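Reading through the structure tokens given below for one structure.
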Amino acid sequence: MKPPLVIANWKMHGTRAEAENLARRIHNGMKDLRHVEVAIAPPFTALATVADVLRGGEIQLVAQNVHWEEEGAFTGEISPKMLRETGCTFVLIGHSERRHLFDENDQMVSKKMSALLRADLLPILCVGETLRERKKGMTRNVISRQLRAALKGVSKNAIEKITVAYEPVWAIGTGLTATPDETSHAHRWIRKVMTRLFGSTKAMRCRILYGGSVRPENAAELARASEVNGLLVGGASLKAGDFLRIVSQFV
Ligand code: PGA
């Protein structure tokens, strides 16, 4: 298994100057990265700035979204090639804010998945159920549907390039966190679906992160929960000190 991965998702926060400052503080505050991988997802406008700060170091750059075409008349969109050129290693796809606020569906996520793998970028596939779906007992169905749709057509050899992030929609930005038990349950289910699709050796190589109101106060128990291979951190990654404390749970 690869080392755990902790990602800072800054969403739509920060000017370039603010991003530079925050990236520098995280970069300088990071001490021992032997046991954990760390990555930062700034807004598109700050990618190049943050890439400069991180250059030569071990923290990797993540894009928050991508379009599946290489180029063309797609106003407002950014292609995989453009992200690679900016220095991105990873790209988030299927984030619940994209699915729920911008109507992205499973087919679009699947096209993004294929485009990223073609471009040699590493997809972070986000999946997760809404509160309504959880209450109706549909958590497993929703996760399976999202995984199967996004991974359709992905070859066995490509599977280890993919990271899955379990982000229950009801826990994102709400202050509600899935308990370590709820998290482990969902992660075990994700692993099971991946095993059915690609076999256990391949499925075991794929990291499964948890995301949703991760804070320095709850990071330790989430980091120790079984089947948790890292964290995707939104709000708490906007304060260097908080993010560094979260990362330190894996060191
Ligand atoms: P949050 O966001 O930590 O602010 O809940 C997590 C995410 O959406 O990636």
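Note that the structure is a prediction, hence the values are computed from the model and not measured. First listed ligand is number 1; within each ligand, the first listed atom is number 1. Below, each value reflects all heavy atoms present in this structure, side chains not excepted, and no hydrogens, waters or symmetry copies.
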Side chain, backbone, both or neither: Ala171 near ligand 1, heavy atoms under 4.0 Å:
backbone

Any luck finding a side-chain donor-acceptor pair between [X] and [Y] under 3.5 Å?
X	Y	answer
Ser110	Trp68	no
His95	Glu167	yes
Trp170	Glu129	yes
Asn229	Lys2	no

What about Gly235: any of its N or O atoms under 3.5 Å from an N or O on ligand 1?
yes

With only distance considered, is Lys11 within less than 3.5 Å of ligand 1 through an N or O on each side?
yes

When you look at Arg140 and Glu133, which way does the salt bridge (charged side-chain N to carboxylate O under 4.0 Å, His left out) test go after all the steps?
CA-CA 9 Å; Arg140 287 180 165 207; Glu133 289 163 340; over 6 Å; no

List ligand 1 atoms under 4.0 Å from [X], heavy atoms only on the residue side.
X	value
Asn9	9 (O)
Gly212	5 (O)
Leu232	9 (O)
Ile172	2 (O), 5 (O), 8 (O)

Looking at ligand 1, would Gly173 count as a contact under a 4.0 Å heavy-atom criterion?
yes

Do any heavy atoms of Ser213 fall under 4.0 Å from ligand 1?
yes

For atom 3 (O) of ligand 1, find the nearest protein heavy atom and state the residue, atom name and distance (0.1 Å precision).
Gly234 N, 2.9 Å

shortest atom 9 (O) of ligand 1-to-protein heavy-atom contact is with Glu167 OE2, 2.9 Å

Between Arg145 and Asp106, does any NZ, NE, NH1 or NH2 come within less than 4.0 Å of an OD or OE carboxylate oxygen?
yes

Side-chain contact test, heavy atoms from C-beta onward, threshold under 4.5 Å: evaluate it for Met113 versus Ile162 and give yes or no.
yes

Side chains of Ser79 and Glu71: does their closest heavy-atom pair fall under 4.5 Å?
no

